[in-house]
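Got a structure here, written out as structure tokens. Questions coming.
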Amino acid sequence: MKTPMKATLVTIAVVVVLVVAALIYVLVNQSQAAPPSSGDGSSSTQLVRENSHVLDSGGEGAVTVVEFLDFECEACGSFYPIVEDLREQFAGEITYVVRYFPLPGHFNSKNAAIAAEAAAQQDRFEDMYHRLFESQAEWGEAQESRADLFRSFAEELGLDMAAYDAAVADPSTTERVDLDFEEGRALGVSSTPTFFVDGELAELKEWDDLENLIQAAVSGGQ
């Protein structure tokens, strides 16, 4: 076998191993996550709020899928294309909701969430959501602030930059991100991504468990 061909095959193998490793990581963490709160003494805790970000609305009777995510999390990045496929597969049958859960161990996860929330205030949440995940390799694991990079994404998206900067600096934007995080913890979230399907914590043990859970919920409602 020629050397260039060997190098190509080795590169492909390394990429596959890294993706599989990330998926295994999230499956293990999901199995260790605490169960959802029983609701005792936490009547103020809600899985979905009026200001939660809805990527797809299936309308009345649709199955609600909620994802708590961290834009810097490699496992979330690995699940991103899977989620996009499921959104397309179940279009019109599910309402897909995204909530922030920036893990403390990730230097820029909260900065990314604040950038997404600032974009959301201009009705561009989904555009920033895609941009952050598609560029994760550029900034993930950085040990210095990448807020300037996220600001450049906002410029590329054509946002009102004065409004964006004001939103990033506004403490209420950070409070909005913190609300999702604290509410996630109250619901038993401890790792990302964590999914709920029609209010039930999705315990992922196999690669297709999320799809199967959604399919079962959709079929059950028909």
Side-chain angles (χ1 to χ4, degrees), residues 26 30 33-71 73 76 79-102 113 116-134 157 159 167 172-173 175-222:
V26 72
Q30 285 283 3
S37 170
S38 64
D40 296 338
S42 58
S43 59
S44 63
T45 299
Q46 299 176 32
L47 185 55
V48 180
R49 289 185 172 273
E50 287 185 7
N51 64 354
S52 294
H53 299 304
V54 179
L55 297 183
D56 303 302
S57 178
E60 185 177 356
V63 170
T64 298
V65 181
V66 180
E67 178 184 2
F68 282 85
L69 60 77
D70 175 340
F71 288 109
C73 168
C76 291
F79 255 87
Y80 167 69
I82 297 173
V83 166
E84 292 305 292
D85 286 344
L86 292 176
R87 289 177 58 197
E88 181 177 358
Q89 179 181 343
F90 294 102
E93 298 179 290
I94 64 173
T95 293
Y96 202 90
V97 181
V98 169
R99 301 195 67 177
Y100 307 115
F101 200 80
E117 184 58 26
Q121 294 179 27
Q122 298 186 47
D123 297 321
R124 300 294 297 279
F125 172 81
E126 185 167 0
D127 291 326
M128 185 62 82
Y129 159 88
H130 289 305
R131 192 71 183 88
L132 289 168
F133 274 130
E134 289 166 359
L157 293 174
L159 300 188
S172 67
T173 303
E175 291 169 3
R176 169 68 181 77
V177 173
D178 290 341
L179 172 65
D180 272 10
F181 180 80
E182 294 301 331
E183 204 146 45
R185 291 207 311 174
L187 290 163
V189 177
S190 63
S191 62
T192 56
T194 290
F195 300 92
F196 291 82
V197 178
D198 263 357
E200 297 295 327
L201 177 66
E203 297 186 9
L204 307 182
K205 298 179 180 178
E206 303 293 340
W207 308 120
D208 56 353
D209 277 352
L210 181 59
E211 178 182 355
N212 291 338
L213 287 170
I214 294 174
Q215 183 62 67
V218 167
S219 300
Q222 295 176 346

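Keep in mind the model is a prediction, meaning the values are calculated, not measured.
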(message) Less than 3.5 Å apart, any donor N or O on the side chain of His53 or Glu117 sitting next to an acceptor on the other?
(response)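 A pair is found: one side chain offers a donor N or O, the other an acceptor, under 3.5 Å apart.
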(message) Is it the case that the side chain of Thr194 and the backbone of Ser191 share a donor-acceptor pair, with hydrogens and angles ignored and the cut-off at 3.5 Å?
(response)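 Yes.
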(request) List for me each residue that meets salt bridge (charged side-chain N to carboxylate O under 4.0 Å, His left out) alongside Glu182, sequence neighbours excluded, and say none if there are none. (result)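 For Glu182, the residues satisfying salt bridge (charged side-chain N to carboxylate O under 4.0 Å, His left out) (neighbours in sequence not counted) are Arg185.
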(message) Can you list everything that forms a salt bridge (charged side-chain N to carboxylate O under 4.0 Å, His left out) with Asp209? Sequence neighbours excluded, please.
(response)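 Testing Asp209 for salt bridge (charged side-chain N to carboxylate O under 4.0 Å, His left out), a comparison that skips the adjacent residues, returns none.
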(request) Indicate yes or no for a side-chain donor-acceptor contact from Tyr129 to the backbone of Val98 under 3.5 Å, with no hydrogens or angles considered. (result)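 Side chain of Tyr129 to backbone of Val98, a donor-acceptor pair under 3.5 Å: no, none is there.
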(request) Tell me, please, which residues at least two apart from Asp178 pass side chain to side chain contact (heavy atoms under 4.5 Å, CB included). (result)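 Checked Asp178 against side chain to side chain contact (heavy atoms under 4.5 Å, CB included); matches are Lys110, Thr174.
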(request) Could you check if a side-chain atom of Leu86 sits within less than 4.5 angstrom of a side-chain atom of Phe195, using non-hydrogen atoms only? (result)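 When only atoms from C-beta onward are counted, Phe195 and Leu86 do not touch, as no gap falls below 4.5 Å.
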(request) Considering only NZ, NE, NH1 and NH2 on the basic side and carboxylate oxygens on the acidic side, decide whether Arg176 and Asp180 come within less than 4.0 Å. (result)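 Answer for the salt bridge query: yes.
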(message) Using modelled atom types and a 3.5 Å cut-off, is there a donor and acceptor pairing between side-chain atoms of Glu93 and backbone atoms of Val63?
(response)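 Looks like no, no N/O pair under 3.5 Å.
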(message) Keeping Arg124 on the side-chain end and Leu159 on the backbone end, is there a donor-acceptor pair under 3.5 Å?
(response)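 No, the answer is negative, given that no donor and acceptor are paired below the 3.5 Å cut-off.
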(request) Would you check if Asp70 and Phe101 make a side-chain contact, meaning some heavy-atom pair closer than 4.5 Å? (result)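 They are not in side-chain contact.
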(message) By the definition side chain to side chain contact (heavy atoms under 4.5 Å, CB included), identify the one residue from Leu213, Val197, Ile94 that meets it with Val218.
(response)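 So the option named by the test is Ile94.
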(message) Within this structure, what is the OG1-CG distance for the pair Thr95 and Asp198, rounded to the nearest 0.5 Å?
(response)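 If I round to the nearest 0.5 Å, the distance is 9.5 Å.
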Using residues 55-62 as the side-chain source, report each donor-acceptor pair under 3.5 Å to any protein atom, sequence neighbours left out, with the distance given to one decimal.
unit_1: Asp56; atom_1: OD1; unit_2: Arg87; atom_2: NH2; d: 3.1
unit_1: Asp56; atom_1: OD2; unit_2: Arg87; atom_2: NE; d: 2.4
unit_1: Asp56; atom_1: OD2; unit_2: Arg87; atom_2: NH2; d: 3.3

(request) Taking the side chain as every heavy atom from C-beta outward, state whether Gln121 and Thr173 have any pair of such atoms under 4.5 Å apart. (result)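 Yes. Closest side-chain heavy atoms under 4.5 Å.
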(message) Holding to ring-ring contact (aromatic ring centres under 6.0 Å, His included), I want the full list of residues that pass it with Phe90, two or more places apart in sequence or in another chain.
(response)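 In terms of ring-ring contact (aromatic ring centres under 6.0 Å, His included), with neighbours along the sequence ignored, Phe90 is linked to no residue.
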(request) Measure from the ring center of Phe71 to the ring center of Phe133 and say whether it is less than 6.0 Å. (result)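 They qualify: ring centres under 6.0 Å apart.
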(request) Could you check if a side-chain atom of Arg49 sits within less than 4.5 angstrom of a side-chain atom of Leu179, using non-hydrogen atoms only? (result)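 Yes, at least one pair of side-chain atoms sits under 4.5 Å.
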(request) Flag the pair Val189 / Phe196 as yes when at least one side-chain heavy-atom distance between them is below 4.5 Å, and no otherwise. (result)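 Yes, side chains in contact.
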(request) Let me see the working for Phe68 and Leu187 under side-chain contact (heavy atoms from CB on, under 4.5 Å), right down to the final yes or no. (result) CA-CA 11 Å; Phe68 282 85; Leu187 290 163; 3.9 Å; yes
(request) Please examine the side chains of Leu69 and Tyr80, heavy atoms only from C-beta on, and report whether any two atoms are closer than 4.5 Å. (result)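 Not touching, per the 4.5 Å side-chain cut-off.
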(message) Checking Ala118 now: which residues fulfil side chain to side chain contact (heavy atoms under 4.5 Å, CB included) with it, not counting sequence neighbours?
(response)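 Ala118 satisfies side chain to side chain contact (heavy atoms under 4.5 Å, CB included) with Tyr164, Ala167, Val168 once adjacent residues are dropped.
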